[in-house]
Each structure stands twice: as C-alpha cells, then as structure tokens.
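Here the structure comes first, spelled out in structure tokens, and everything after it is commentary.
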Amino acid sequence: MKTDAIAPRLLAWHAKAGRHDLPWQRDRSPYRVWVSEIMLQQTQVATVIPYFERFMARFADVRALADAPADEVLHLWTGLGYYARARNLHRAAQIIRDEHDGRFPRLLDTVMDLPGIGRSTAGAILAISTGARFPILDGNVKRVLSRHSGVDGPIDDNATLAQLWKLADAHTPDENVATYTQAIMDLGATLCTRGKPRCGECPIARDCRARIEGRQAELPAGKRRRAARKLRHAVMLVARRESEVLLVQRPATGIWGGLWCLPEFSDRESAATFASRELEKARLADAALPDIEHSFTHFDLVITPLVARCGGEARIRDGKTLWYDLAVPARVGLPAPIKTLLGSLLERNQS
DNA sequence: TATCCGTGGTC
DNA sequence: TGACCAAGGAT
C-alpha cells in the first residue's frame with residue numbers, strides 16, 4: 001500500500017470520531033442496509049432514523065416486505081418523499097422473494113438489476129453488509145474526493161463522474177471495506193461539509209489539493225440548475241357522514257405517484273363544476289380551512305380546499321376512490337401536506 | 001441527456 | 001424569506 005493512502009487515516013479517524021450508533025449499523029444484514037441506503041438517498045440521516053425504525057418494526061425481513069400490500073409500504077413512507085423509492089423497494093423485494101429464493105443477491109450486476117438500485121447504492125449495500133470490495137460514489141464521497149484530488153469539472157458532468165469513480169475505486173482498500181465505506185461517508189457528512197469544512201480536524205488535510213490551494217469553497221463545482229416554475233392546483237375536500245373525506249389515488253407515475261390525495265382540478269372553476277354535478281353544494285359554515293402552501297424544488301403548490309358535503313357516493317373519473325375515515329384512518333400513502341390537513345381535521349373533529 | 005421526483009433544515 | 005441543499009435513480 002502506498003504511504004500516502006487515505007484509507008488507513010480514514011479508518012483511524014473513524015474509530016474515534018465516526019458515527020457508530022445509527023439504527024442500521026446494529027445488525028448489518030443486507031436487507032437492513034439496503035432499506036437504509038434507499039431511505040438515505042437525497043435524504044438526511046436525522047430525517048431517516050424514525051422512518052427506518054417504524055419500517056423495520058413492521059417489515060422485519062425481505063419476505064415480510066414482499067408480502068405486504070403496496071398501500072401499506074407507501075403508508076410507512078408518508079412524509080419521506082421521493083415515493084418511487086418505496087414502490088421500487090417493494091417491487092425489488094418481490095423479485096428477491098420470487099427469483100432469488102428470498103436471499104439478497106451478492107453479485108453487483110444482479111443487485112443493480114433490482115429497481116431503485118444504481119451503481120453507488122449497490123456498492124454501498126454489498127460493501128457495508130458483506131465487506132466485499134466495491135467502491136461507492138455518493139454526494140459525500142464526491143465532495144471528499146473532488147477536494148482531495150482537486151477535481152474541478154462540473155460535478156454532474158460525465159467525464160468528471162468517470163474521473164471520480166476511478167478515484168473512488170483506487171482509494172478503496174482491500175481490507176476493512178465496510179468500515180472504510182462508512183468512514184469516507186462520515187467524513188463528508190461531518191467534517192468535509194459543503195460550507196465551512198473543518199479542515200483542522202481532517203485526517204487527510206495534509207495532502208488535500210483543495211485545502212493546500214485554498215479552494216475548498218470552489219469544490220466540488222456546482223451543477224447547473226433551472227428556474228423554478230409556479231403552479232397552482234385547485235383541490236376539493238368532499239366530506240360525508242361525521243368524519244369521512246374523499247381521497248383519490250394518483251397515477252403510479254409522476255409526483256406523489258400511487259399516493260392518495262384530495263380530488264384535484266386544474267382550476268377552481270372545474271372543481272366547482274364537479275361539485276354541482278356530483279354533490280350537494282352546501283358548503284360547511286364552520287369548515288373554513290387555511291390554504292395549504294407547499295413548496296417543491298420546481299414549483300409551489302397551493303391547496304385551496306373547496307369544501308362540499310356529499311350524501312352518497314362521489315365518483316372521480318379515471319381514478320380509484322376511497323372514503324377516508326378520520327376516526328379510523330386507512331393505512332395508505334398520503335402526501336405530507338394532505339397528511340397535515342387530515343390531521344388538523346381530526347383535531348377539529350375531536351374538539 | 002436533461003429533467004423529474006419530496007421534504008425538512010439552514011442561512 | 002427565498003434559495004439552496006442532503007447517503008441518487010429512472011426515464
């Protein structure tokens with residue numbers, strides 16, 4: 001091993017300053033590591049922890065997940081975002097059950113064939129759970145390596161990524177791969193952060209090109225971003241009996257895919273047309289609800305509940321419908337703002 | 001290949 | 001307070 005290798009220093013640093021108590025580090029079975037890696041995609045550790053605990057309490061192994069209804073998987077994902085991850089996780093569990101005899105595969109290409117798992121996630125799962133020598137290249141590793149080697153191409157550029165994968169592979173040691181993988185991610189998450197990196201505590205600062213040249217703030221080079229759009233949708237809160245509201249399942253693709261949402265219309269006028277055709281138009285005098293504003297990266301959503309009472313069934317064309325009982329809520333996937341709205345309705349009902 | 005997909009935290 | 005970001009992958 002070269003004398004300037006970073007792995008020994010990362011391993012020593014990790015032993016005293018790394019994170020060792022995360023829930024998915026207790027039992028590093030491929031299944032648990034897999035679920036954690038999916039949840040952690042584009043999502044911070046502190047956000048993931050309670051979701052991971054609830055998920056494991058309900059789905060202890062691959063078979064329990066594979067046998068569960070998709071609605072229940074999405075229910076446990078409610079509020080975590082990027083819901084395609086949950087749908088892919090569920091499908092992959094069924095593939096493992098049906099085609100791999102319920103055992104998580106050990107070959108990189110086989111793992112990468114599972115939906116929702118790319119090269120980096122596949123490498124992380126196998127490296128952390130089995131110790132096999134596979135490099136990873138997540139956001140933390142990209143930042144650490146681009147700074148350490150002074151890689152200054154745009155971070156989303158193919159040539160830059162190829163360069164970083166080569167570095168990631170070269171730095172991965174032959175032994176202690178699981179700990180090394182955890183160590184380089186911890187370094188990126190806790191010391192080599194995007195803003196104000198703590199180079200004084202960094203074990204590889206002495207040969208870090210970015211630090212030597214004072215370019216920590218420039219690396220890694222940012223990605224191009226597009227302008228945000230502003231969209232508005234009108235939704236309708238349809239209620240019947242004491243505490244039931246109408247939900248419609250969204251298409252499997254697109255935003256909030258497969259989740260249950262309030263009936264949505266392109267504008268307030270078409271929502272009113274729907275109300276007059278299908279429903280009694282009696283607006284609830286005491287049901288004035290605040291508009292819910294929800295911001296995404298690419299657009300702002302303003303939910304303006306137009307409240308209507310319904311005596312019997314209400315049908316939404318081309319959609320599955322569900323009467324959601326606030327008192328005994330169904331275990332289905334809900335978008336975060338809808339979950340918040342239904343929660344406030346439940347409180348109002350109880351008071 | 002550029003765009004899409006969520007949410008909560010941070011400054 | 002609005003812009004930006006965080007353990008990527010699919011299309």
Side-chain angles (χ1 to χ4, degrees), chain A residues 18-19 22-25 32-52 74 77-89 91-92 111-125 127-129 135-145 154-161 164-165 168 178 181-190 192-196 217 220 222-231 250-259 261 292-301 333-340:
Chain A
R19 298 175 291 187
L22 299 174
W24 43 90
Q25 294 177 325
R32 289 171 58 87
V33 174
W34 169 39
V35 173
S36 74
E37 288 298 328
I38 300 300
M39 287 186 171
L40 286 162
Q41 286 171 357
Q42 302 289 287
T43 311
Q44 297 188 347
V45 167
T47 303
V48 165
I49 288 175
Y51 283 87
F52 181 83
L74 287 170
W77 213 271
T78 289
L80 197 51
Y82 284 130
Y83 298 95
R85 295 183 297 176
R87 297 194 304 272
N88 287 332
L89 191 70
R91 275 203 297 144
V111 175
M112 286 180 63
D113 280 341
L114 296 169
I117 302 182
R119 183 176 173 190
S120 184
T121 298
I125 295 169
I128 293 172
S129 67
I136 69 165
L137 191 61
D138 65 358
N140 288 313
V141 179
K142 286 176 186 171
R143 193 165 53 253
V144 169
L145 294 183
I155 203 64
D156 56 348
D157 184 83
N158 275 343
T160 307
L161 287 175
L164 289 172
W165 270 112
T181 300
Q182 197 63 59
I184 193 168
M185 283 194 287
D186 283 3
L187 188 78
T190 64
C192 193
T193 52
R194 187 171 186 284
K196 298 185 180 180
K223 44 182 91 167
R224 299 176 293 273
R225 64 178 63 85
R226 60 196 149 68
R229 308 190 309 258
K230 302 290 181 185
L231 298 180
R250 300 179 59 85
T253 58
I255 194 163
W256 294 334
L259 273 63
C261 193
I292 296 180
E293 298 189 19
H294 195 72
S295 290
F296 298 85
T297 305
H298 51 298
F299 67 92
D300 289 337
L301 178 68
L334 299 169
I338 301 302
K339 181 187 180 187
T340 303

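Quantities reported herein were computed from a predicted structural model and do not represent experimental measurements. Proteins get letters first, then strands, A, B, ... in listed order; numbering begins at 1 in each.
Within the nucleic acid shown, A:W77 has no heavy atom closer than 4.0 Å to any nucleic acid atom. Looking at heavy-atom distances under 4.0 Å, A:L22 makes contact with a base.
In this structure, A:I155 atom CD1 and C:dC4 atom P are separated by 18 Å, rounded to whole Å. Atom CG in A:N88 sits about 6 Å away from atom P in C:dA10, given to the nearest Å. Rounded to whole angstrom, the span from the CZ atom of A:R85 across to the C1' atom of C:dG8 amounts to 9 Å. Atoms OH (A:Y82) and C1' (C:dA6) sit 9 Å apart, rounded to a whole Å. The distance between atom CG of A:L40 and atom P of B:dG6, rounded to the nearest whole Å, is 17 Å. The CD1 atom of A:I136 sits 10 Å away from the P atom of C:dA7 (whole-angstrom rounding). Residue A:I49 contributes atom CD1, which lies 14 Å from atom P of C:dA7 at whole-angstrom precision. Note: CD (A:Q182) to C1' (C:dA7) measures 9 Å, nearest angstrom.
B:dT3 and C:dC4 have their P atoms separated by 16 Å, given to the nearest Å. Here, B:dG9 and C:dG9 have their P atoms 25 Å apart, quoted to the whole Å. Taking atom P on both B:dA2 and C:dA7, the two are 23 Å apart, rounded to the nearest angstrom. Across the C1' atoms, B:dG6 and C:dA6 are found 12 Å apart, a figure rounded to whole Å.
Interatomic distance, CG of A:L187 versus CG of A:N140, reported as 8.5 Å (0.5 Å rounding). In this structure, OG1 in A:T181 is found 12.0 Å from CD1 in A:I125, a value given to the nearest 0.5 Å.
Partners of A:R250 according to the salt bridge (charged side-chain N to carboxylate O under 4.0 Å, His left out) rule, which considers only residues two or more places apart in sequence or in another chain, are A:E264. With sequence neighbours left out, the salt bridge (charged side-chain N to carboxylate O under 4.0 Å, His left out) criterion links A:R91 to no other residue. A:L161 pairs by the side-chain contact (heavy atoms from CB on, under 4.5 Å) definition with A:L137, A:K142, A:N158, not counting sequence neighbours. In terms of the side-chain contact (heavy atoms from CB on, under 4.5 Å) criterion, residue partners of A:F52 (sequence neighbours excluded) are, by chain and number, A:P23, A:W24, A:R32, A:V35, A:S36, A:M39, A:V48, A:M56.
Proximity of A:N158 to the phosphate of B:dT1: a side-chain N or O atom is located under 4.0 Å from OP1 or OP2. Regarding contacts with the backbone of C:dG9, every side-chain N or O of A:R119 stays at 4.0 angstrom or more from both OP1 and OP2. An OP1 or OP2 oxygen of C:dA10 is reached within less than 4.0 angstrom by no side-chain nitrogen or oxygen of A:R87. Residue A:T121 places at least one side-chain N or O closer than 4.0 Å to OP1 or OP2 of C:dG9.
Put simply, the side chain of A:R19 and the base of C:dA7 share a donor and an acceptor less than 3.5 Å apart.
A:V141 places none of its side-chain heavy atoms less than 4.5 Å from the side chain of A:L164.
For A:I255, taking side-chain heavy atoms from C-beta onward, the closest of the listed nucleotides C:dA7, B:dC5, C:dG9 is B:dC5.
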With the criterion being N/O to N/O and under 3.5 Å, what pairs connect the protein with nucleotides 7-11 of chain B, and how long is each?
from: B:dT7; atom 1: OP1; to: A:Y83; atom 2: OH; distance (Å): 3.0
from: B:dT7; atom 1: OP1; to: A:A336; atom 2: N; distance (Å): 2.7
from: B:dT7; atom 1: OP2; to: A:W256; atom 2: NE1; distance (Å): 3.4
from: B:dT7; atom 1: OP2; to: A:H294; atom 2: NE2; distance (Å): 2.4
from: B:dT7; atom 1: O3'; to: A:G79; atom 2: O; distance (Å): 3.4

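Note on residues 38-49 of chain A: pairs passing side chain to side chain donor-acceptor pair (under 3.5 Å), not counting sequence neighbours, are A:Q41-A:T121, A:T43-A:R85.
Comparing A:P115 and A:R143 by the nucleotide of DNA chain C that holds the closest heavy atom to each, the one mapping nearer the 5' end is A:R143.
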